[in-house]
Structure formats: C-alpha cells, structure tokens
Amino acid sequence: HAHPNRSLRKVQDICAKSPYITPRAASLMYLPSQSDSTQIPSHIALCEELIKRNNAARDNAKKGDANKNAIPQTFQKYVVHESPEVCRDWSRPHSSLLQIISSSMVAFAGARFGLKYVHKC
C-alpha cells in the first residue's frame with residue numbers, strides 16, 4: 001500500500017506531475033520572430049568551416065609531400081555560440097534540439113581544426 005502523501009492519484013495535488021501546460025504558461029513561452037530564422041543555422045556554419053579547413057589541410061599536406069620540411073598547419077579557433085532563441089524555441093523544439101546535437105557533432109569532428117560549439121542551453 002502506497003503512502004497517502006506520495007500518491008499521484010490525487011488530481012488536485014499541485015505537486016502531481018503532468019505533461020500538460022497551462023494556457024498562461026504557454027502564453028509566456030518565447031516564439032521566434034521572422035528575423036530569427038534569417039540567421040545561418042549553427043550546424044551549417046560549422047560544417048562550411050569544417051569543409052574549408054579540411055580542404056586547406058589536405059592542400060597543405062600535398063604541398064608538404066613535395067617539401068619534407070614544411071611546417072604543419074595550425075588553425076585559429078572558430079567558435080560558434082548558439083543563439084539563445086534556439087534554446088527557447090517552443091514552436092519547433094525537436095528541430096532546435098537536432099540543431100544543437102548536429103552542431104555539437106560537427107564541432108567535435110572538427111576539433112582538430114579548431115572548431116568549437118557553445119550552446120549554453
């Protein structure tokens with residue numbers, strides 16, 4: 001028998017967990033404006049930079065084959081900070097989460113080229 005204070009059967013209990021949101025709470029949620037969608041998504045910016053840096057490293061390696069004394073190429077840090085709007089976008093929560101995940105993956109793959117991603121969600 002469950003303890004009477006721990007039962008979720010009491011529907012009126014304000015501590016009962018619910019997947020539903022009140023209309024008031026929904027009205028306070030952030031919905032992005034049209035101008036927010038004009039920014040390049042973070043995973044696209046990271047991917048473009050990764051391709052550019054990978055091509056530069058490959059070209060440098062080809063030149064290095066001809067010149068055995070070539071200095072290995074180093075890259076300047078490239079940091080992408082996620083827009084706070086992506087973290088609070090309740091109109092597209094799944095695509096926002098996928099953007100954060102894909103940006104993290106691209107930055108992880110490009111870490112040797114100096115890529116970094118910060119979402120602060």
Side-chain angles (χ1 to χ4, degrees):
H1 186 263
H3 189 277
N5 293 336
R6 292 190 180 180
S7 175
L8 291 179
R9 293 181 186 156
K10 294 180 182 180
V11 179
Q12 300 301 327
D13 184 6
I14 60 169
C15 294
K17 295 187 179 195
S18 170
Y20 301 104
I21 187 167
T22 64
R24 183 180 180 286
S27 69
L28 298 174
M29 289 184 176
Y30 171 81
L31 293 175
S33 65
Q34 291 290 61
S35 62
D36 292 338
S37 63
T38 60
Q39 294 178 332
I40 296 174
S42 55
H43 63 285
I44 300 296
L46 284 162
C47 195
E48 288 174 346
E49 190 65 24
L50 176 60
I51 291 168
K52 184 173 85 175
R53 290 176 181 222
N54 186 54
N55 289 341
R58 188 180 59 226
D59 293 345
N60 194 38
K62 287 179 185 176
K63 292 175 188 173
D65 289 340
N67 180 7
K68 297 296 181 192
N69 296 327
I71 299 170
Q73 186 173 8
T74 58
F75 293 95
Q76 187 177 19
K77 282 278 187 202
Y78 183 85
V79 182
V80 173
H81 294 271
E82 190 62 78
S83 169
E85 287 80 19
V86 172
C87 299
R88 297 184 310 231
D89 185 357
W90 288 97
S91 65
R92 303 171 296 154
H94 296 97
S95 62
S96 296
L97 179 61
L98 288 175
Q99 178 173 319
I100 292 167
I101 292 170
S102 61
S103 298
S104 298
M105 291 172 65
V106 174
F108 179 79
R112 65 185 175 138
F113 296 117
L115 299 184
K116 185 175 178 182
Y117 173 68
V118 181
H119 57 77
K120 295 185 181 179
C121 290

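Considering only heavy atoms from C-beta on, P84 stays 4.5 Å or farther from K120 through its side chain. Residues F113 and L50 meet the side-chain proximity criterion, which asks for heavy atoms closer than 4.5 Å. Counting only heavy atoms from C-beta outward, the side chains of I100 and C121 approach each other to under 4.5 Å.
Rounding to the nearest 0.5 angstrom, the gap separating the SG atom in C47 from the CG atom in L115 is 10.0 Å. Between atom CZ of residue R88 and atom OG of residue S83 there is a gap of 7.5 Å, rounded to the nearest 0.5 Å. Atom OH of Y117 is separated from atom NE2 of H43 by 10.0 Å, given to the nearest 0.5 angstrom. Expressed to the nearest 0.5 Å, how far CZ of F75 lies from CD of E49 amounts to 9.0 Å. For the atom pair CZ (R112) and CZ (R53), the distance works out to 12.5 Å, reported to the nearest 0.5 Å. For the atom pair CG of D89 and OG of S95, the computed distance is 6.5 Å after rounding to the nearest 0.5 Å.
Heavy-atom minimum distance, L46 versus S103: CD1-O, 3.5 Å. Across H119 and C87, no two heavy atoms sit closer than the pair O-SG, 3.7 Å.
Within a 6.0 Å radius of CZ in F108, no more than 12 heavy atoms belonging to other residues, nucleotides or ligands are found.
R58 pairs by the side-chain hydrogen bond (donor to acceptor under 3.5 Å, both in side chains) definition with N55, not counting sequence neighbours. Partners of E82 by salt bridge (Lys or Arg N to Asp or Glu O under 4.0 Å), not counting sequence neighbours: none found.
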